[in-house]
Structure formats: C-alpha cells, structure tokens
Amino acid sequence: MHIFTKTNNYLPKGVSIMNLLIVESPSKAKTIEKYLGAGWRVIASVGHVRDLVPENGSVDTAHNFEMKWQIMAGKEKQIKLIIDELKKADAVYLASDPDREGEAIAWHILDILKAKKVLTGKKVYRVAFHEITKKAVLAAIENPREIDQNLVDAYMVRRALDYLIGFGISPLLWRRNLGKSAGRVQSVAVKLVVDREREIESFVPVEYWSLAAACNAHGAKFNASLVSANGQKIEKMTIGNKEQMDAVLSHVGVPEIAATVIAIDKKKTSRRAAAPFTTSTLQQEAARKLYFSSKRTMSVAQKLYEHGLITYMRTDATNLSADAVNDIRAYIGRIYGDAFVPKSPNIYVTKSKNAQEAHEAIRPTHFDDAMPNLSGDEEKLYNLIWKRTIACQMTNAEFDSVAADIENNAHSAIFHAVGSTRTFDGFMRVYTESRDDDADAAESKLPALSVGDAVVITELTPEQHFTQPPARYTEASLVKKLEELGIGRPSTYATIMSTIVDRGYVEQDKQRRFHPTSGGWVIAAYLAKYFNELVDVNFTAKTEDTLDDVSNGKQEKVAALRAFWTPTESMIDGARGIKTTEIIDEINHVMHHHLFPDGNDKCPKCGGKLGI
DNA sequence: GTACGATTTAATGG
DNA sequence: AATCGTAC
C-alpha cells in the first residue's frame, strides 16, 4: 500500500476528479461536504467500524497478541457505502478524529479496503483537523500525512488490555456467582463507591461547638463568631462539649455586652469565570443546576449537536477556536459593554489527566442574538452552555472584603466578622458555577467600621455541631472523580454510570446518590483480594504512561502487552485455583455484616454474622 | 423436560 | 462450578 505525502489540488476547477473523505460523525460529514463542494464525497464511518470478535481467543496471548477483528454489527452498510464511492474516486482521505481512537479508525478502514482489494490506482491520505471550519479542513487536506502506526499500536495495547481484563476475570465471577462482569473502568467505579461507603460507616462524628454573636454598630446589625476567649485561641474543634461551651461563656459575659472594634483588614479580591464545558463538567453542572442524569444530559446535547447549535459534546478540552473567541468578545461588548470584555481573551488550560484534545470545548456554534426555538430540555441545556461560554470570556468579578476583630470591653473575648461586597459583576452578570458543598460563601454585608468604633453584642448563640462523613457519590461527582483519575473517556462516562447500576453493583437512593449493593460489596472485596493491582486507582495512570510510550515509539507494542499480561495471567490463574470455600471465608471475613444483615449465623472467627 | 451454549471488557458513533 | 434462554 502506498500512502502519498503530496496531494494534488483539493478542487481542480472544471475537472471532475472525485475525492472521497471519511470522517466519524454524519453531521460533521454533512457540514464538510458543503465546504468542499463539487468533486468531493464525504462519508461518515459512524464511529468505530471494526472491533475484536466478542469471544474467547480474540487476543492470542500465545502468539504475539495477534488480534481477531470483525466488522461491527450494523457497520457493513457504512463499509459498503465507502467501497461503492471509492470505486468512483481517485483518492481517499481518512479524516477520522485526531486522537488515538481516530487513528485506529483510519487504520481499520484502510485495512479493510486493502483486504477488499479496492485500492488499486487510488491514493490514500490521512488528514487531521481540530475544528470544523472550511479553513481548517482545507489546510488539513493540503497537509496530509501517513497513518501513525505508533498511535495505532497504542490503541491496540489499550484495546487488548481492556479485553484481557474483562474476558479474563468475568468468567471467574460467573463460576462463583460473584457478579456478572469486571473491567478496568467499571470495577474501579464500583470500588470508589464501596470505599466511600466504608469511610462513611467507620466515620465517628466528633462534637464541636461554635458561638455566634449578633452585633450592632451605628444602628446596623451584623454577625460575628468567637475566635478567642480568656486568652485562648478558639478554632473549629476547640470547644468539644456543652461544659466547655459554658466555661467559655463565663468569660464572654452576658448580653448586652459592650465591645470595641480592635482591628480592620480590607482587601480587594476577584474571581475568575469557570472554564467552558467539557463532557465531564457539563454533566456535573447539568446535574447541579438542572437535575439531569448523565444520560439525559448527553442525549439532549446530542440533539443540540445534530441541530448544529453546539460543538461536539464528547470532549475533554477547554480550548475555544479563535473565531469563536472573537465572536464571543464582540457579543459581550455589544450586550454588556466594553468593561466586561477582558483586554486579552481568557485562556483555559485543559487539566484533564489524559486529555486527547481532538475537539474544542462544548460551546454554541454561533453567537447572534437569535435564540433558537427548542424543546424544554434542549432549551435548558442550551441556555446553560450559552451562559457558561459567554461568561468564560468575560472580565473577573471584583469584591471588597472586610474582616473585623471585635473585643469585649472586659478584654476577655474576641470575635471575628467578615463581609464581602461585590463591586463589579464581571462574568457573574451572566453565570456562576454551582458547587457541590453548598458552603458557597454568600455575600454578607458589614456596616462601615473603623478601629475604636463601639459595638454592642446583643445576643450570643451557642451551637452544637458534629463533623460530617464524606458525601456519597452522585453521578456527577463520580464522573468528576473518574476523570481526575484519568479513568474512562468522555464517550463513556454516562454508560459507566448505567453499567454499574445494571450489573447490580450499586443503586441510587432518592437523592440519586450511589450506595453499594451486597453484590457490590462482594465483588469489590473479591477484586481487592485477588486482583488488587488491576482495580488500584493508579493502574490506569500507569497504563496511560505505557500507552504514551508506545505512541511515542519508546516502547514496542508486544513488549508492552507482555509486561502487562505476565503478571495479570498469573493473577487469573491464581484466582482460578482458589477453592470456593476459601473465597467465601475471605469475603465473609471482610464483609459479613454487609452480606447477611439479617442472618443469624455467627462467624467462628470474629463472632460476626455468617452466611452461605 | 433436558441438554447445552452464552454470559463478559472499553470506546467510537447515533 | 451459576443462571438464563434456546434447541431438541
């Protein structure tokens, strides 16, 4: 097969040379076909077209990890379309996405075309563009390259590894009836939920007390909290019970208490807008603001994308095209005024751990005033994306913050009061990101205070608190955690959530927070005992390093797979040889009270409840 | 009614 | 060393 590195012109005027260009998404194909015009046919592969045969032996571990591929269900149609059009064409441009999976799609298509022997006399080019503009597409066509075999090899390592883990471990679970499936991604997701539940169970709440003071100065009311009593610094956990609170109160006095401002600290602070949406942050924010599930968010986003209203919704990048930034800045200036347009565009660095950056951030495609006519869900999500995108290119919000120390005139207690006033809206005029902890520092006003001012403490409110266990994961916070760990991809976050529910490992309560089921406890305990390395959160990170090495040609594919498979195979063999009774003992020992909450049997080892 | 074969991974796309 | 669905 010959891949030429030099193309003939992309649109020879009046000459009907036919060029075929293949992309992944049909709606992208439609757009690009318009850009290229006569002489070009643009066809979508509609994602991957070929995959491992879903049966045992598709990765031959005994023979250099040779892989058995098959055309995916329903994709024969696309292949036939590509071949039919190719027959009429002189050249084919493989323009799948510029990332690892996209390179693999190009390779698979080329491999299929070679096998079908339909490339005789045809030129083949690999082209890549990062945005769907006429300029970018034409530039890509002018600068074709060959398929990057290192990147394809990295894909194959990733693909083989996922298969070997999933198809290696799952059958062990069926035999013992411990679960339906295991995998590099889903099993870590389950582990995270189980680990969190264990943290919650072992959490011992600690009592602490706070003392709030209602204050009055110059006829204005405000609140302060105790930070020092009888010369002792009072921190969050200092007052541990009612007796200690009473002791402290004896030093503070009984309202009304005469006091004085002894220190003032004034500061100007500012707050930056959040980065534009990625798949993960869109799912998080749509959950917090609209109460959408990950699945619902993605299916609504899909519709907006198909309507041509937003850019691609499966992305891990936060960058915006230069054209979009210009349009957004013009819009902000027109609607909100120049004070809301930063001197230079705000730039957001993509911080996702293994971002592939094949796409832009999720943003509206155009920025005129006309609001499209949309269904309820579509309108809500589009509005959210609209506001977030506009806000991300607006100036900072500015605040004046004041902190005051107030001492009682008996010099035995000091209170601290804080106030914050927004002096310039900036991006907050349009949009503010929600937070998971609703400790969202609400604006609080203080009257104008100076050192020496008289203050009257009119009321003291002692309050009992207990430290709180960490919160159970929601879909949004679990997706966020997985992304931080570099586990899973934008295209899979929503399906990971359904997989762990469908497999019966976790369930969602009324507030849609994840709890492990007894099956979830079992599988987590089993995997932690016999496959700990594979479900360790660092495993995927290490794997990504290996994949990077393969992409860069620093490590060879077969060597990388062998390094992974040798220990994994012995783990699988080891687990296969373990007697069921041993597994039951192990799981019972770790998990007895979750497995058999209503059982009566006592575990001989620890006196806990025992089942089976 | 019994025997037997399939079950399973993650990541593209809609 | 389980369970479910399908073929016989």
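Every chain is numbered from 1, with letters handed out A, B, ... down the list of sequences. Source: prediction; values computed, not measured. Side chains included, hydrogens not; waters and symmetry mates left out as well; all remaining heavy atoms used.
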Which residues share a salt bridge (Lys or Arg N to Asp or Glu O under 4.0 Å) with A:Arg41, sequence neighbours left out:
A:Glu33, A:Glu85
Work out how far the C1' atom of B:dA10 is from that of C:dC4, and round it to whole angstrom.
25 Å
Does B:dG14 have its OP1 or OP2 closer than 4.0 Å to a side-chain nitrogen or oxygen of A:Ser25?
yes
With sequence neighbours excluded, residues passing side chain to side chain donor-acceptor pair (under 3.5 Å) with A:Ser27
A:Ser25, A:Tyr305
Picking from B:dT8, B:dA11, B:dT9, which would you name as closest to the side chain of A:Trp174?
B:dT8
Which nucleotide in the set B:dG13, B:dT9, C:dT3 lies at the smallest distance from any side-chain heavy atom of A:Asn177?
C:dT3
Rounded off to whole Å, could you give me the CG-to-C1' distance for the A:Leu161 and B:dA11 pair?
14 Å
Partners of A:Lys529 by salt bridge (Lys or Arg N to Asp or Glu O under 4.0 Å), sequence neighbours excluded?
A:Glu586
When all nucleic acid strands are considered with a 4.0 Å heavy-atom cut-off, which category describes A:Glu24: base, sugar-phosphate, or nothing?
sugar-phosphate
Presence of A:Arg50 side-chain N/O under 4.0 Å of B:dA11 phosphate oxygens OP1/OP2:
no
A:Gln186 has a side chain; which of B:dT9, B:dA11, B:dG13 sits nearest to it?
B:dT9
Can you tell me if the side-chain N/O atoms of A:Tyr493 get under 4.0 Å from OP1 or OP2 in B:dT12?
no
Nearest whole angstrom, please: distance from the C1' of B:dT9 to the CD of A:Gln70.
14 Å
Quick note, A:Met72 side chain, CB onward, closest among B:dA11, C:dT3, C:dA1 is B:dA11
Quick one: is the NZ or CZ of A:Arg145 closer than 6.0 Å to the six-membered ring centre of A:Tyr125, and within 45° of its axis?
no
Determine whether A:Arg159 and A:Asp51 satisfy the following criterion, salt bridge (charged side-chain N to carboxylate O under 4.0 Å, His left out), listing intermediate values before the conclusion.
CA-CA 9 Å; A:Arg159 188 66 195 81; A:Asp51 193 20; 2.8 Å; yes
Of the nucleotides B:dT12, B:dT8, B:dG14, which one has an atom closest to the side chain of A:Arg489?
B:dT12
Among C:dA1, B:dA11, B:dT9, find the nucleotide with the atom closest to the side chain of A:Arg184.
B:dA11
So if I take every side-chain heavy atom of A:Arg158 and compare against B:dA10, B:dT12, B:dT9, which nucleotide ends up nearest?
B:dA10
Against the side chain of A:Arg314, the closest entry in B:dT12, B:dT8, B:dG13 is B:dG13
Could you tell me how far C:dA1 sits from B:dA11 if I compare only their C1' atoms? Round to whole Å.
33 Å
Apply salt bridge (Lys or Arg N to Asp or Glu O under 4.0 Å) to A:Asp97 and list each qualifying residue two or more places apart in sequence or on a separate chain.
A:Lys28
Please enumerate all residues that pass side chain to side chain donor-acceptor pair (under 3.5 Å) together with A:Asn552, with sequence neighbours excluded.
none
Using a heavy-atom cut-off of 4.0 Å across all strands, would you classify A:Ala182 as base, sugar-phosphate, or nothing?
sugar-phosphate
Before accepting this row, confirm whether a basic side-chain N of the pair A:Glu101/A:Arg158 lies closer than 4.0 Å to the acidic partner's carboxylate O.
yes
B:dT8, C:dA1, B:dG14: which one has an atom nearest the side-chain heavy atoms of A:Asn56?
B:dT8
Establish, with yes or no, whether the OP1 or OP2 oxygen of B:dA10 is under 4.0 angstrom from a side-chain nitrogen or oxygen of A:Tyr155.
no
Intra- and inter-strand pairing of DNA chain C, written as dot-bracket with Watson-Crick and G-U pairs under 3.5 Å and | for the latter, reads .|||||||
Contact class for A:Gly183 vs. all strands (heavy atom < 4.0 Å): base, sugar-phosphate, or nothing?
sugar-phosphate
For a quick test of reading the model: is some side-chain N or O of A:Thr492 closer than 4.0 Å to OP1 or OP2 of B:dA11?
yes
A:Asp97 near the nucleic acid: base, sugar-phosphate alone, or nothing, with a heavy-atom cut-off under 4.0 Å?
sugar-phosphate
C1' atom, C:dG5 versus B:dT9: distance in rounded Å?
23 Å
Output the single nucleotide from B:dA10, B:dG13, B:dT9 whose closest atom is nearest the side chain of A:Pro26.
B:dG13
